[in-house]
2 protein chains.
Amino acid sequence: MATMTAAQRNARKKAQSKASYDAFLAVCPSRKLLDRISDKWVTLILCALGGGDEPRSLRYSELSRILAGVSQKMLTQTLRSLERDGLLTRTATPTVPVTVSYELTDLGLSLQQMVRGLKQWAETNMDDVLENRAAHDARTA
Amino acid sequence: MATMTAAQRNARKKAQSKASYDAFLAVCPSRKLLDRISDKWVTLILCALGGGDEPRSLRYSELSRILAGVSQKMLTQTLRSLERDGLLTRTATPTVPVTVSYELTDLGLSLQQMVRGLKQWAETNMDDVLENRAAHDARTA
DNA sequence: CAGGATCCCGCTAGATACTG
DNA sequence: CAGTATCTAGCGGGATCCTG
């Protein structure tokens with residue numbers, strides 16, 4: 001094992017983790033992570049930084065404009081959390097006033113692929129859901 | 001337009017909806033729908049009913065066993081909501097005691113494809129996130 | 001511009017008890 | 001078995017005010 005490369009150890013650890021985490025289990029850390037990423041603001045921030053096509057870096061004020069109606073608290077809070085988890089990077093340029101930009105990491109980009117589908121699904125199937133609700137409400141009225 | 005078939009009208013409506021919903025907008029209904037489906041329990045229920053491979057129907061008690069630690073309230077509440085939105089069907093068989101089973105609809109199955117990726121992402125990248133958190137906390141300590 | 005710090009309300013998750 | 005009903009503590013999240 002002493003001759004194992006870093007890449008090999010990493011691959012080995014990945015293989016282990018695939019088997020050792022299960023979000024169905026209440027005590028599993030991945031349950032909490034799933035809870036964290038299952039969030040409206042997380043999805044929208046990741047989608048904004050993921051862009052329609054190419055990933056792009058955005059400033060705080062740009063994000064708050066794109067995510068219409070988000071409070072500063074939720075935006076800052078969610079950004080901090082995503083930064084801590086290594087999903088995005090925060091870069092402060094010491095201008096006056098200071099300029100801060102956010103950018104997805106590779107890890108964040110991989111999650112963005114997932115949540116992007118979620119956002120699109122919501123937009124695409126909104127009408128169907130609305131109809132189902134109306135039908136259901138009429139049936140149980 | 002009077003000669004339009006139902007399928008044509010449906011296709012036309014789909015095309016319209018793709019353009020008219022945008023979850024980035026605060027007032028858009030799809031924002032609320034995104035919020036609704038961005039939920040730990042929604043993801044886990046859909047994954048359970050989606051199965052590892054083939055979709056399967058599950059009973060209430062089976063679901064509560066698979067989703068370890070879920071309260072009856074949250075399980076029932078989430079199931080009702082998903083039923084109302086047309087993502088799953090509830091079937092009560094009048095035995096004694098009554099037997100109730102839940103099954104994904106086609107719409108639910110399409111969403112399951114999305115959230116399944118989310119759950120897997122959380123399990124696969126748990127280690128990376130844990131390391132990022134440790135590194136970040138050490139840096140800002 | 002990009003937040004930090006507080007206050008505070010609403011609602012919702014969770015626990016408990018009961019039922020057809 | 002498959003829920004319903006009720007209560008409460010806790011916190012998510014918005015509003016507001018302040019700062020480097």
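Reminder, nothing fancy here: chain letters follow the sequence lines and each chain counts from 1.
- At a threshold of 4.5 Å between non-hydrogen side-chain atoms, the residues A:Leu63 and A:Leu58 count as touching.
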Going 5' to 3' through nucleotides 4-20 of chain C and flagging B where a protein heavy-atom sits under 4.0 Å of the base, S where only the sugar-phosphate is that close, and - otherwise, we get S--------BB-B----
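- A straight line from CG of B:Leu79 to C1' of D:dA2 spans 11 Å, rounded to a whole angstrom.
- Using a 4.0 Å cut-off, no side-chain N or O of B:Arg59 falls inside it from OP1 or OP2 of D:dC1.
- At whole-Å resolution of the value, CG in B:Leu67 and P in D:dG3 are 14 Å apart.
- What you find for A:Ala23 and B:Glu123 is that their closest heavy atoms are N-OE2, 2.8 Å.
- One can place CG of B:Leu58 at 15 Å from C1' of D:dA2, the figure rounded to the nearest angstrom.
- Not one side-chain nitrogen or oxygen of A:Thr99 sits closer than 4.0 Å to the OP1 or OP2 atom of C:dC1.
- B:Leu75 places its CG atom 13 Å from the C1' atom of D:dC1, with the value rounded to the nearest Å.
- In this entry the distance linking CD1 of B:Ile45 with P of D:dA2 reads 14 Å, nearest Å.
- Partners of A:Arg84 by salt bridge (charged side-chain N to carboxylate O under 4.0 Å, His left out), not counting sequence neighbours, listed by chain and number: B:Asp137.
- Annotation: salt bridge (Lys or Arg N to Asp or Glu O under 4.0 Å) contacts involving residues 33-42 of chain B, sequence neighbours excluded, comprise A:Asp35-B:Lys40, A:Lys40-B:Asp35.
- Residue pairs satisfying the salt bridge (Lys or Arg N to Asp or Glu O under 4.0 Å) criterion with at least one member in residues 43-64 of chain A, sequence neighbours excluded, are absent.
- Closest heavy-atom contact between A:Leu49 and A:Tyr102: CD2-O, 3.3 Å.
- The side-chain contact (heavy atoms from CB on, under 4.5 Å) test applied to A:Leu109 returns A:Pro55, A:Leu104, A:Gln112, A:Gln113, not counting sequence neighbours.
- In this entry the distance linking CG of B:Leu63 with C1' of D:dG3 reads 13 Å, nearest Å.
- In the helix from C:dC1-D:dG20 to C:dG20-D:dC1, the terminal helix axes, each the rotation mapping four pairs' C1' atoms onto the next four within five end pairs, subtend 60°, rounded to 10°.
- A:Thr93 and A:Val98 get closest at one heavy-atom pair: O-CG2, 3.3 Å.
- Residue A:Lys119 holds its NZ atom at 9.5 Å from OG1 of A:Thr124, rounded to the nearest 0.5 Å.
- Minimum atom distance to the side chain of B:Tyr102 is reached by D:dG3, of the listed D:dA2, C:dG3, D:dG3.
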